[in-house]
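Proteins come first, then strands; the chains are lettered A, B, ... in the order of their sequence lines, and each starts at number 1.
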There are 2 protein chains.
Amino acid sequence: MRNNITIKDVAKQAGVSISTVSRVINDSKPVTDEVKQRVLDVIKETGYIPNPLARSLVTKKSKLIGVVVPELSDSFVNEILNGIEEIAKMYDYDILLANTYSNREQELKSINLLRAKQVEGIVMISWKVEEEHINYIQNCGIPATYISKTARNYDIHTVSTSNKEATYDMTKYLVGKGHEKIAFIMTSEDDTVLEMERLSGYEDALSENNIKLDKTLIKNGGTTYEKGYESMKELLDDNIIPDAAFVTGDEAAIGAINAICDAGYKVPEDISVAGFNDVKIAKMYRPKLTTVYQPLYDMGAVAMRMVIKMINKEILEEKKIELPYRIVERESVIDRI
Amino acid sequence: MRNNITIKDVAKQAGVSISTVSRVINDSKPVTDEVKQRVLDVIKETGYIPNPLARSLVTKKSKLIGVVVPELSDSFVNEILNGIEEIAKMYDYDILLANTYSNREQELKSINLLRAKQVEGIVMISWKVEEEHINYIQNCGIPATYISKTARNYDIHTVSTSNKEATYDMTKYLVGKGHEKIAFIMTSEDDTVLEMERLSGYEDALSENNIKLDKTLIKNGGTTYEKGYESMKELLDDNIIPDAAFVTGDEAAIGAINAICDAGYKVPEDISVAGFNDVKIAKMYRPKLTTVYQPLYDMGAVAMRMVIKMINKEILEEKKIELPYRIVERESVIDRI
DNA sequence: TTGAAAGCGCTAACAC
DNA sequence: GTGTTAGCGCTTTCAA
């Protein structure tokens, strides 16, 4: 049961050459059934496991895929991770995990580390992808797919959902429910393309319904519960009481709801709240959160499939995959009509 | 910037032998400053990264630690994972992640996979650890630490918190708040040692306060939100209306709260609810969950430190580390006195 | 202080 | 079909 058994030991014990053993474990070349059986028996007996290090060294295939995440205890990330993990396993790849805490330097370090460890591909989940890092990875020639809110404007492989349309639809839905004064709380700190897209979805829906844009209703926080709470609180403190709030992240949306409740208002009676992502907690919270469903598990799965295809030099029909979203009506939005 | 640069290339370009290059990158043996500098320059120039595969092959050190988890999108697991990840990075180890979905066979497969990948150690998070797997890992001679609710009764390295005492304390706390009819909803499917411990903590607190044990108040569900919901619903459907419910997992506790609300009762006014773990959502939910805080991040960190020590053959003072817990009073438990 | 050479465990020509 | 052999990129004796 020890780890020291090598291909040599097996060969000797089976009375064959190491190449024969290699052939049976990879079944790369024909081997007589009888010999094959003998080798197989010895392998079973000894509990021999081929050393992938040695194998990788010669084949140049590490069977490792690097996954870099901005945060480990975020449900958005987790649900994607589940999809990634499952597909990886399916294709016999292992995952090398790197957590960056959304830190720029840490991200670069992680990429380097993964590169050093000879990962064959990278799946990158990031709130905000750095152009420099994209270039760096491209230069290394490592196949990569990005799941990022901000990746779509680069010429790289991405999987995402259509943010602009989703935001547009949700805003329209809110308007359709009779809300006019709709706060829009975004979840990234910077003016990223994503936020531009989302913002324009929001604005379009509003203008189409002849609602004047009120910039004081727009906030830019972050993905966390705390940030959502803060943003909403600021609004309320400024005596801005919207009909509804559209927060582009579920955890932040729940933070907003709590801020509303703490200020003495009720959700959804006084203020409706809608989220984005449809993360696990959206169903658990009460009132249950009306939100935009994104197929997070699938996003992970698709991203992983993409890098595996890239590794195998298969042709990908598209560089940018957009997965469908849909509005999930639950309890946090009331009908004012 | 390509990955193909090897030690040979560096040696040639610097006009030295590969052993010299090896010496400077490991600074294992004295090298003249001048030569050293020359080599260093070439390394920088070429962007050379030593191939850890080749290195591991000879040193027998993979700098890899396997982490097996029962579930990826569970906050309990995640928060532990954060601690693990951080310490690993600190000691220059990488994490090979294996998700088992609490599946026995999958767990065995994962262990084998990690073994095959030459991990130097394993941190195992598992709802229920299998004796067979423990033995297997021990036989392989791979250092391992367990974070498991059920691991403490084996002679292995574990990190945990004192469940019996924590359960005792929380039950006592509940009694102290004037609750008598206290439902006890456990979160593992089997009669594990953990559940026995917890149960006896619950029973002791009750009997010390002269409250008769009512077995109909005891349920055994699972860790998930859904299981918590179900267990509570069963109670209510059977017309058993407790003063309080002590659910030994936060997500399940929130499930229980929702079941209570859906049945038309109020938390905490009609029924108080207490949880266990103090996971992120405990603060996010309303009413905020009164629960038992466990230092999850630290548990992960300590577990990782333990395996690293074991790898380095350092002496560990204790095989079983118990980290402190504490009761966190929030809003889901009312004072009936 | 430095270099030559052996070898880690494996795969993949190349012979037979 | 099967064995022999040359590496993969690196560390580590052993000489010089």
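Judged by distance alone, the side chains of B:Tyr154 and B:Gln138 never bring a donor and an acceptor atom under 3.5 Å apart. Side-chain atoms of B:Glu131 and B:Asn135 form no donor-acceptor pair, as typed in the model, at a separation below 3.5 Å. With no hydrogens or angles considered, a side-chain donor-acceptor pair links B:Thr20 and B:Ser17 at under 3.5 Å.
When each of B:Ile7 and A:Val35 is assigned the nucleotide of DNA chain D bearing its nearest heavy atom, the one mapping closer to the 5' terminus is A:Val35. Summary of the strand contacts: B:Pro52 and A:Ile18 both lie near DNA chain D, and taking for each the nucleotide with the nearest heavy atom, the more 5' one is attributed to A:Ile18.
One interatomic measurement links the two molecules: CG of B:Asn26 to P of D:dT13, which rounds to 13 Å at whole-angstrom precision. Distance, B:Leu57 CG to C:dT11 P: 12 Å, rounded to whole Å. When the P atom of D:dC10 is taken as reference, atom NZ of B:Lys61 falls 19 Å away, rounded to whole Å. Between B:Arg23 atom CZ and C:dT1 atom P there is a gap of 11 Å when expressed in whole angstrom units. Rounded to an integer number of Å, the gap from CD1 of A:Ile43 to C1' of C:dG9 is 14 Å. B:Leu53 places its CG atom 10 Å from the P atom of D:dC10, with the value rounded to the nearest Å. Summarising the geometry, the separation between CG on A:Asp27 and P on D:dG1 is reported as 14 Å, rounded to the nearest angstrom. B:Asn51 places its CG atom 10 Å from the P atom of D:dT11, with the value rounded to the nearest Å.
Note on A:Lys36: every side-chain N or O is 4.0 Å or more away from OP1 and OP2 of D:dG1. Within the structure, every side-chain polar atom (N or O) of B:Ser17 is placed at least 4.0 Å from both OP1 and OP2 of C:dT2. One finds a side-chain N or O of A:Lys60 lying less than 4.0 angstrom from the OP1 or OP2 phosphate oxygen of D:dG9. Contact between the side-chain N/O atoms of B:Thr20 and the OP1/OP2 oxygens of C:dG3 is found at a separation under 4.0 Å. Neither OP1 nor OP2 of D:dT11 sits under 4.0 Å from any side-chain N or O of B:Ser19.
The side chain to side chain contact (heavy atoms under 4.5 Å, CB included) test with A:Asn99 is passed by exactly one of B:Leu81, B:Ile84, B:Ile95, B:Asn82: B:Asn82.
Within 4.0 Å (heavy atoms only), A:Thr59 reaches sugar-phosphate atoms of the nucleic acid but no base atom.
In this structure, the side chains of A:Met299 and A:Thr161 come closer than 4.5 Å at one or more pairs of heavy atoms.
Looking at the side chain of A:Val16, the nearest of the listed nucleotides C:dC10, D:dG3, C:dT2 is D:dG3.
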